[in-house]
Structures are given as structure tokens and as C-alpha cells.
Amino acid sequence: MALVPYEEGGGWAARQLHSPSATFHFASRTIRLQQDWRRLGVAAVVWDAAVVLCAYLEMEGIDLRDRSVIELGAGTGLLGIVVTLLGTKEPAGVRALYSTCCAHVTITDRAAALEFLESNVQANLPPELRPRAVVKELTWGKDLDNFPPGAFDFVLGADIVYLEETFAELLQTLEHLCSERTVILLSCRIRYERDLKFLKMLRERFSVSEVHYDSSKDVHIYKAQRGSRKDDF
């Protein structure tokens, strides 16, 4: 996620963005995240698109167990934390299965946000799950060799489509990370004409469909796969 200032109106929403913390409830857990707008801008606050995608994954019961998942532009880490929790299968009294039945989650952002991101991830995952969530630097379009091509079952992004100058690098990154089986889920609010331009660019490379719309938050979730595939989750 680009570390730049961003205006999202005023009033209650602005107060939420500038609050030093935010609390959410997902996967039968309370998640408390630190926020730091003044130091890191958009990378250090929770946006509605992340909340909506978390809720979608949980409500739809999408099976993330034993799946390899990568999040782009993770910011505060909410989505990656929730995916790690949802990707857990723990039969009653059998904690040892954490090692074999969990999602493998890679949570990425630019270098300047990593320390902040790591602190939120560590604070909100139980010790036995922390090894399953790896925080890693990823600047779109750069050093992609640090990530195995086509190795992920899911590529997730929440509110990462807003800077037109990053669109080409974001698409390059998606193409590198995806195989024929990979499902991309992008959650976003369509704020500007340029956001629609990105969707057009995405459709030139992937089969894209809208799978959810939250009218209360004006957030869309798009699913994309290579070619004409439209697999179920």
C-alpha cells in the first residue's frame, strides 16, 4: 500500500481513521489494532474495504485450511490476521493439528510499514498460529523473485486500487503470483474514474466478476482468475 496522505471526508469517519486504535470481532475473537495515520498515512488505518472482505470470507465460509494465501498492501494487518484465524482447523482437544491444518498466510506491504504491521500481527494471533503468518516486504513490480511464481491459492487486496501510477506494477505483481488455480479477491470502493480504468486493465488479463456488494459501505468485492476460469471456492 502506498504511504501517502488520503482524504476520506470528515466527521465520524475521519475520527475513526485518526483514532490510535480500532477493535473488530471476527473468527470468534476480538482483534485490537493500533493505527498511526500521522506517521504512515493510509497504510496505518483500517479501511472499510478490509472489514467488508473479512466479513465476506467469514460469512461465506470460504475454506482457507491448508491454502497458501498472500495479502497485498496489508496496512494494519486486519485482513491477514482474520485469514490466519479463519484458516485454522482445531478439533476439540487436538491442538497439535495447528501444524498441518492451517492456512499459510503471507502478509505484505512496503518496507516503511513492516514494523507497524508486524506488531499488529503478533499482538492478535495466538502463539501457536504466529508461525503460519509471515510478514514480508513487497513493493509491487519489484523483487518479485522473492515470491515463488504461481504459488498461491488466494491473492487478497483491500482498498489497494487508488493510485493510477501503481496500476501497471500491481497487475505485473498479480500475474507473477497467480497460477491457473489462483483466486484473486479485491475489495474496493469505486471513488474515481481511474478505479474503473484499473478494472478494465484487470479484465484484459483475468476473468473478472463482482461477487459481493456492501451497499452500507459502498464496497465491491471482485473475483479474478486467469483465462475463463470461474471456479467455486
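Rounding to the nearest 0.5 Å places CG of N120 at 5.0 Å from CZ of F116. In this structure, the separation between OG1 on T88 and CD on E128 is 8.5 Å, given to the nearest 0.5 Å. With values rounded to the nearest 0.5 angstrom, T76 atom OG1 is found 7.0 Å from F24 atom CZ. E175 CD to L170 CG: the interatomic distance, rounded to the nearest 0.5 Å, is 10.5 Å. Once rounded to the nearest 0.5 Å, the distance linking OH of Y222 with OG of S209 reads 10.5 Å. Atom CG of L78 and atom CG of L117 lie 11.0 Å apart (nearest 0.5 Å).
Counting only heavy atoms from C-beta outward, the side chains of L138 and L144 approach each other to under 4.5 Å. Two residues are said to be in side-chain contact when any heavy atoms from C-beta on lie closer than 4.5 Å; Y56 and V211 meet this criterion. Side-chain contact between L186 and L53 is absent, with no heavy atoms from C-beta onward closer than 4.5 Å. Looking at heavy atoms from C-beta onward, F198 lies out of side-chain contact with L163 at the 4.5 angstrom threshold. Put simply, the side chain of L85 reaches to within 4.5 Å of the side chain of L125, judged on heavy atoms. Residues E204 and K200 form a side-chain contact, since some pair of their non-hydrogen atoms from C-beta on lies under 4.5 Å apart. Under the 4.5 Å side-chain criterion, counting only non-hydrogen atoms from C-beta, N124 is not in contact with T30. Counting heavy atoms from C-beta on, the side chains of T23 and I31 never come closer than 4.5 Å.
Contact record, L64 with G87: CB-CA, 3.9 Å, taken as the closest heavy-atom pair. Of all heavy-atom pairs spanning Q35 and S21, the tightest one is NE2-O, 3.8 Å. In this structure, I190 and L199 approach most closely via the heavy-atom pair CD1-CD1, 4.0 Å. Between R226 and C178, the closest heavy-atom pair is NE-O, 3.2 Å. When all heavy atoms of A27 and L86 are compared, the pair lying nearest together is CB-CD2, 3.8 Å. Nearest heavy atoms, F147 versus D143: CD1-O, 4.1 Å.
Between D36 and R39 there is a salt bridge, since at least one side-chain N of the basic residue sits less than 4.0 Å from a carboxylate O of the acidic one.
For the salt bridge (Lys or Arg N to Asp or Glu O under 4.0 Å) test with D153, the passing option among R181, R67, R65 is R181; the others fail. Between W140 and the options L174, I160, T108, a side-chain contact (heavy atoms from CB on, under 4.5 Å) holds for only I160. The salt bridge (Lys or Arg N to Asp or Glu O under 4.0 Å) with R189 is formed by just one residue from the set D214, D48, D159; it is D48.
Atom CZ of R32 has 12 or fewer heavy atoms from other residues, nucleotides or ligands within 6.0 Å. By the neighbour-count criterion of 12 heavy atoms within 6.0 Å, atom CD of E115 is sparsely surrounded, having that number or fewer from other residues, nucleotides or ligands.
Linking Ile, Leu, Val, Met, Phe, Trp and Tyr whenever their side-chain heavy atoms come within less than 4.5 Å leaves V134 and L156 in two separate clusters. A single hydrophobic cluster is seen to contain both V208 and M201, as judged by linkage of ILVMFWY side chains at heavy-atom distances under 4.5 Å, directly or through other members. Tracing side-chain contacts under 4.5 Å through hydrophobic residues (I, L, V, M, F, W, Y), one never reaches I221 starting from Y213; they form parts of separate clusters.
The closest donor-acceptor contact from the side chain of S187 to the backbone of A158 lies at 3.5 Å or more, if one exists at all. In this structure, the side chain of D195 engages the main chain of Y192 through a donor-acceptor pair within 3.5 Å. Listed for the R132 side chain is no donor-acceptor partner under 3.5 Å among the backbone atoms of T84.
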**Request:** Please report the C-alpha distance between E137 and R110 in whole Å, then the side-chain angles of each, then the deciding distance to 0.1 Å, and finally whether the side-chain contact (heavy atoms from CB on, under 4.5 Å) criterion is met.
**Result:** CA-CA 5 Å; E137 178 184 355; R110 295 176 61 181; 5.8 Å; no

**Asked** Under the salt bridge (Lys or Arg N to Asp or Glu O under 4.0 Å) criterion, do E164 and K197 qualify, and how do the steps go?
**Response** CA-CA 9 Å; E164 189 168 0; K197 178 180 178 180; 2.5 Å; yes

**Request:** Assess whether side-chain contact (heavy atoms from CB on, under 4.5 Å) is satisfied between F26 and L57, documenting all intermediate values.
**Result:** CA-CA 10 Å; F26 289 107; L57 292 171; over 6 Å; no

**Request:** May I have the step-by-step check of side-chain contact (heavy atoms from CB on, under 4.5 Å) for L171 and T173, ending in yes or no?
**Result:** CA-CA 5 Å; L171 285 169; T173 302; over 6 Å; no

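Qualifying salt bridge (Lys or Arg N to Asp or Glu O under 4.0 Å) partners for E58, counting only residues two or more places apart in sequence or in other chains: none. Taking the salt bridge (Lys or Arg N to Asp or Glu O under 4.0 Å) definition, one finds that K142 meets it with nothing, sequence neighbours left out.
Figure legend: K223 and F206 shown without cation-pi pairing, the cationic atom not lying both under 6.0 angstrom from the six-membered ring centre and within 45 degrees of its axis.
In this model, no donor atom of one side chain and acceptor atom of the other lie less than 3.5 Å apart for S68 and H104.
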